[in-house]
Amino acid sequence: MLRPPVAKRVPKERVHHGDVFVDEYEWLRDKESPDTLAYLEAENEYTRERTAHLAPLRETLFEEIRSRTKETDLSVPVRIRGHWYYSRTKEGKQYGTSCRRPVTDPDQWLPPTDGDEGPVEGEEVLLDVNELAEGHEFFSLGASSVSPDGTLLAFSTDTTGDERFLLQVKDLTTGELLPDQVPGTSYGATWSLDGKHLFYTTHDDAWRNDKIWRHRLGTDPSEDVVVHHETDERFWVSVGRTRSNRFIVVASGSKTTTEYLLLDADDPTGKPRVVAPRRPGVEYSVEHAVIGGEDVLLVLHNDGAENFELAVAPVDATSHEQWQPLLPHDPAVRLEDVDAFATHLVVSQRSDGLTQLRLLRLGDDGIASDELVEMEHPLYTVGPAGNPEFDQPVLRFAHTTMATPPAVHQLDLRTGERTVLKQTPVLGDFDPSRYEQHRAWATADDGTRVPMSIVVPAGAPRDGSMPFLLYGYGAYETSIDPYFTISRLSLLDRGMGFAIAHVRGGGELGRRWYDEGKMLHKRNTFTDFIACARHLAADGWTAPDRLVAEGGSAGGLLMGAVANLAPEAFVGIVADVPFVDALTTILDPSLPLTVGEWEEWGNPLEDPEVYAYMKSYTPYENVEAKRYPAILAETSLHDTRVFYVEPAKWVARLRATAENGDDVLLKTEMAAGHGGVSGRYNAWRDRAFSYAWVLDRVGLA
């Protein structure tokens with residue numbers, strides 16, 4: 001067996017608020033250093049050696065995922081301005097191909113169902129991503145936007161994983177690329193209505209979207225105009241267009257405050273106006289609607305409404321005082337989004353931890369009816385899916401459960417007819433009745449009830465004998481709602497259960513659930529997760545010696561924290577791109593994302609209480625000489641969100657300090673970003689790698 005690499009120690013003092021911390025592995029931050037790269041490669045070699053016996057299982061898992069997936073397939077076509085747009089996948093190809101075909105019947109809103117196996121008459125290929133990705137170890141699309149007249153395609157590409165994209169324009173009539181090329185852009189691109197201008201965003205040195213630009217086709221990018229520059233380092237900007245095509249929308253937001261600017265879409269060179277000046281702690285979003293024959297703005301906001309309320313405002317509004325309630329605040333219902341159409345509004349909301357769609361039909365005088373779209377399962381996730389046209393008479397939504405694959409439904413608002421357009425196919429002998437779902441509630445240290453979503457094989461024993469994987473995130477008000485994946489079947493069919501811990505810091509139970517898991521309440525996230533783990537054992541689902549935990553990014557911080565706080569509760573931990581050196585990062589405002597993160601974690605640079613609190617839980621600072629669960633940490637060299645150095649330092653310290661440091665593995669993708677490897681087959685192999693490790697930890701390898 002290969003001996004584990006031991007990182008050299010280069011003591012470096014960090015002094016804040018009178019506290020001295022000696023960091024012996026900060027030298028690993030030098031990404032260009034031969035010593036750093038050699039250490040990462042040595043860790044990769046050690047991981048390969050320690051997992052070599054799992055190679056047959058990894059191949060088996062990969063083939064199971066592949067055999068259950070319909071490799072040659074077609075997405076559900078979406079109707080946009082006279083065309084059906086969709087993507088194709090083909091067996092053996094890593095990436096998809098985006099296509100379109102003309103709408104032949106203007107009254108037909110059910111998409112064509114032919115062509116699953118190959119091109120059909122009238123089909124036009126917009127982008128073959130396999131061709132674009134050829135010769136690159138990594139490839140990602142950041143934008144794909146067709147001009148309003150359907151003749152041009154703006155798209156952007158990233159070939160390193162650092163999420164900095166090259167924006168290009170393709171003439172869909174000739175198939176040629178135009179000379180217009182803009183490097184260093186962020187995600188997305190928005191057309192003006194005349195198709196002569198493109199709006200896009202760029203980053204500053206801290207990788208913050210700080211500028212909105214306007215590019216006129218046919219001109220040199222050096223002549224592009226800054227439409228909006230956000231100088232507050234806490235705020236990010238984005239740009240889009242309302243569904244009605246009435247406005248170009250510029251959004252500027254921090255973690256707790258937002259501000260919107262509107263620009264008439266038919267005047268792309270005009271000056272954007274502010275809808276309502278930013279107020280600290282007030283978040284709002286804007287959508288254009290026509291209600292009772294009058295142009296209005298729909299404003300979803302939290303001004304005096306913790307779980308948000310929906311208001312209307314004049315289309316030329318410039319102040320908060322002009323907002324009038326349309327759906328008043330309900331403390332039991334968290335309003336999350338609103339979509340406006342010519343005949344109806346759709347509100348995305350959540351209640352009792354579950355997502356809901358609320359349909360408001362419009363009449364001559366305003367709202368004619370208010371109803372929930374009914375769901376047949378007690379534990380599910382639902383959300384809008386593919387509704388780009390303002391005048392469309394149908395509502396599309398996606399629905400899934402822990403045991404049933406995602407399905408796209410279409411509700412015809414004229415007739416009430418509901419059609420399943422497509423359910424993700426699962427090949428082989430898949431039968432959802434072979435699995436059962438449960439909602440459980442754990443009790444946290446402070447008495448708070450914490451929900452869990454559970455899926456297990458049907459008839460699973462409740463004697464503590466079943467291995468389990470417990471997943472968690474718990475940050476940024478991001479809700480990890482019940483979901484289905486084909487790869488998880490490989491665990492379930494081997495007799496393993498899976499659960500999601502809906503811990504505080506997420507948004508599953510409304511804004512208060514988020515607030516109670518951030519800043520100086522962050523420890524609730526960790527203790528909630530531990531409470532869920534202990535509940536699974538106490539309720540007979542599993543036992544600590546067969547329970548593995550998994551989380552990524554901010555959920556990786558969660559993994560590192562629970563490893564320190566309750567190592568006895570788990571037999572293994574998978575930490576994906578883990579934010580485990582959070583205090584070092586949040587103390588350095590020159591690093592990407594840091595300043596904006598102060599509203600999530602607090603500012604330890606200025607506030608000694610925040611510094612002491614963060615230091616009390618940050619995984620890297622709190623590694624101890626004790627026995628830890630086996631740990632698999634996975635990261636990417638070009639990650640710009642959570643630098644590779646965080647898990648690298650954490651693993652080095654665990655290796656040197658923990659009683660079982662040899663059981664800590666680090667796997668670094670040398671050509672990938674925050675989302676890991678690109679290409680579906682690569683992603684399946686990556687999932688097979690971690691699942692093989694998980695199965696090995698619980699004795700199912």
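Residues take their numbers from the sequence shown, with the count starting at 1. Not measured: the values here are computed from a predicted model. The figures here come from the full heavy-atom set of this structure, side chains too, leaving out hydrogens, waters and symmetry mates.
Electrostatic pairing of D116 and K70 counts as a salt bridge here, judged by a charged N lying under 4.0 Å from a carboxylate O. The pair R434-D493 meets the salt-bridge criterion, since a charged nitrogen lies less than 4.0 angstrom from a carboxylate oxygen. Between E124 and R100 there is a salt bridge, since a side-chain N of the basic residue sits under 4.0 Å from a carboxylate O of the acidic one. A salt bridge links K667 and D686; the closest N-O separation between the charged side-chain nitrogens and carboxylate oxygens is under 4.0 Å. The pair R641-D639 does not count as a salt bridge, with every side-chain nitrogen at least 4.0 angstrom from each carboxylate oxygen.
Closest non-hydrogen pair, I500 versus P482, comes out as CD1-CA, 4.2 Å.
Every residue two or more places apart in sequence or in another chain was checked for a side chain to side chain donor-acceptor pair (under 3.5 Å) with S369, and none qualifies. Judged as a side chain to side chain contact (heavy atoms under 4.5 Å, CB included), and not counting sequence neighbours, the contacts of K90 are T72, K93. Not a single ring pair (Phe, Tyr, Trp, His ring centres under 6.0 Å) links W84 to another residue, sequence neighbours left out. With sequence neighbours left out, the ring pair (Phe, Tyr, Trp, His ring centres under 6.0 Å) criterion links F397 to H409. In terms of the ring pair (Phe, Tyr, Trp, His ring centres under 6.0 Å) criterion, residue partners of F247 (sequence neighbours excluded) are, by chain and number, H288. S348 is linked by a side chain to side chain contact (heavy atoms under 4.5 Å, CB included) to D337, L357, P384, counting only residues two or more places apart in sequence or in another chain.
Outside the 6.0 Å centre-distance limit, the rings of F468 and F498 are not counted as a close aromatic pair. Taking the six-membered ring for Trp and the full ring otherwise, the centers of F430 and F484 sit less than 6.0 Å from each other.
Between the side chain of T97 and the backbone N or O of D128, no donor-acceptor pair lies under 3.5 Å. In terms of modelled atom types and a separation under 3.5 Å, the side chain of Q94 and the main chain of Y681 share a donor-acceptor contact.
If you check the side chains of R48 and T51, you find no donor sitting under 3.5 Å from an acceptor. With 3.5 Å as the limit, one finds no donor-acceptor pair spanning the side chains of H136 and E134.
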